[in-house]
There are 2 protein chains.
Amino acid sequence: MTKANVENPNSAPIEAWARLHRASNTILERVEVKLKAAGFPPLSWYDVLLELRKAEGHSLRPVEIEKRTLLAQYNVSRLIDRIVAAGYAEKRKSSEDGRGVRVCLCPEGEDLLVKMWPIYRQAVQTEFADHLSQGETETLSLILKNLLSQIVEVK
Amino acid sequence: MTKANVENPNSAPIEAWARLHRASNTILERVEVKLKAAGFPPLSWYDVLLELRKAEGHSLRPVEIEKRTLLAQYNVSRLIDRIVAAGYAEKRKSSEDGRGVRVCLCPEGEDLLVKMWPIYRQAVQTEFADHLSQGETETLSLILKNLLSQIVEVK
DNA sequence: TTGATATAGATGCAATTGCATGAAAAATCA
DNA sequence: TGATTTTTCATGCAATTGCATCTATATCAA
């Protein structure tokens with residue numbers, strides 16, 4: 001092993017990781033720019049609302065949102081407050097758990113999902129998918145699916 | 001095409017993108033936790049210092065750092081100030097450009113790179129590479145290299 | 001039960017980020 | 001040259017994030 005491999009961040013795994021990080025950040029930023037330009041809130045709002053829509057009864061406990069979005073607890077707590085303040089969801093006291101809250105998707109939230117989707121989809125197409133062949137997209141997706149299955153609980 | 005494919009974020013490119021984003025975030029967070037636990041600053045400090053070390057004369061203009069790290073201009077400006085305040089680099093007036101600044105790596109900054117590297121490398125190994133075969137890492141890396149070459153200037 | 005521990009969620013405060021803008025020098029152009 | 005535009009970098013202010021901690025309820029063990 002050369003000296004470079006010991007002291008410099010150029011091992012193959014680090015390089016792969018750096019590319020993963022860089023690609024993800026670059027694309028995220030560009031997608032966010034397009035959402036904002038279209039007058040929409042950040043992608044994290046979409047993620048939360050989408051989880052609500054997918055959920056049984058269109059509602060989830062904050063702790064469930066936390067697990068599904070991988071946001072930190074305090075960020076979920078405050079993000080929910082913002083989404084609720086904007087009228088896209090509402091908070092109700094949990095009936096089963098006295099500590100808990102239940103976040104419910106409002107019709108306005110469903111509308112928002114419907115309206116954001118084409119912009120979101122198009123942005124991902126333009127900033128990401130258009131630069132890969134279909135085979136590359138599939139391969140990438142499969143490798144990442146496998147990776148994620150090993151490192152996270154949900155999804 | 002089914003209704004679901006029109007209205008729901010489940011097209012193959014979106015799914016691939018979501019996995020990319022999720023994997024990157026999850027791993028980044030865990031790597032950051034390990035760096036912090038070892039008493040080190042965030043990865044962004046490492047990135048900046050590393051770019052300085054790679055650069056001719058161990059120094060760069062902020063605008064160059066911006067291009068290489070993909071950080072926003074105002075974030076570069078303030079990140080540099082923090083790094084300088086911590087004694088890892090210093091700012092000098094640019095000789096060629098009256099508007100400009102030159103950020104120079106200090107010996108303390110080089111030391112920091114050397115000390116952070118094994119922790120960083122190990123964290124990436126544990127949180128990322130250990131969950132992929134060598135072939136998967138290579139494939140992933142190549143696809144992302146190709147993608148990045150199309151969407152960013154530098155690297 | 002009761003006492004100890006764990007879980008759910010909120011929040012004060014400090015640090016960081018994003019936005020908008022400013023100042024200064026350079027580059028361009030009429 | 002002088003005016004205009006562009007580039008470089010900094011910064012005030014608002015929004016968001018991270019950290020630490022708090023309250024309340026639930027769970028568990030004796």
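Each chain gets a letter, A, B and so on, in the order the sequences are listed, and its residues count up from 1.
Under the rule for a ring pair (Phe, Tyr, Trp, His ring centres under 6.0 Å), the partners of H21(A) that lie at least two apart in sequence or sit in another chain are W17(A).
If you take CD1 of I83(B) and P of dT16(C), they are 11 Å apart, rounded to a whole angstrom. Distance, E32(B) CD to dG18(D) C1': 12 Å, rounded to whole Å. Atoms CG (L43(B)) and C1' (dT16(C)) sit 16 Å apart, rounded to a whole Å. The CG-P distance, from L79(B) to dC9(D), rounds to 14 Å in whole Å. Atoms CG (L70(A)) and P (dT17(D)) sit 15 Å apart, rounded to a whole Å.
Residue pairs meeting the side-chain hydrogen bond (donor to acceptor under 3.5 Å, both in side chains) criterion with at least one member in residues 95-107 of chain A, sequence neighbours excluded: S59(A)-R102(A), R61(A)-D97(A), D97(A)-R99(A).
Taking only side-chain nitrogens and oxygens, K93(B) never comes nearer than 4.0 Å to OP1 or OP2 of dC9(D). Within the 4.0 Å cut-off from OP1 or OP2 of dC19(D), at least one side-chain nitrogen or oxygen of K36(B) is found. The phosphate of dG18(C) has OP1 or OP2 within less than 4.0 Å of a side-chain N or O from N75(B).
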Full working for side chain to side chain contact (heavy atoms under 4.5 Å, CB included) between S11(A) and R121(B): CA-CA 8 Å; S11(A) 70; R121(B) 181 185 179 134; 4.0 Å; yes

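The line from CG of L105(A) to CG of L50(A) is 9.5 Å long, rounded to the nearest 0.5 Å. For the atom pair T26(A) OG1 and L70(B) CG, the distance stands at 4.5 Å (nearest 0.5 Å).
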Could you list the donor-acceptor pairs under 3.5 angstrom formed between side-chain atoms of residues 106-116 of chain B and any protein atom two or more places apart in sequence or on another chain?
none

Would you list the atom pairs, donor with acceptor, under 3.5 Å between side chains in residues 75-90 of chain B and any protein atom, with sequence neighbours excluded?
residue	atom	partner	partner atom	Å
D81(B)	OD1	K91(B)	NZ	2.7
E90(B)	OE2	R92(B)	NE	2.8
E90(B)	OE2	R92(B)	NH2	2.7

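Note on the helix from dT1(C)-dA30(D) to dA30(C)-dT1(D): terminal axis deviation equals 30°, with five pairs used at each end and the result rounded to 10°.
Under the 4.0 Å criterion applied to side-chain N and carboxylate O atoms, K145(A) and E15(B) are not assigned as salt-bridge partners.
No more than 12 heavy atoms of other residues, nucleotides or ligands shown are found within 6.0 angstrom of CD on Q134(B).
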Under 4.0 Å protein heavy-atom contacts per nucleotide of nucleotides 6-14 of chain C, with B for base, S for backbone only and - for none: -BSBBBBB-

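Along DNA chain D, the nucleotide nearest P42(A) and the nucleotide nearest G98(A) are compared for position; the residue whose nucleotide lies closer to the 5' end is P42(A).
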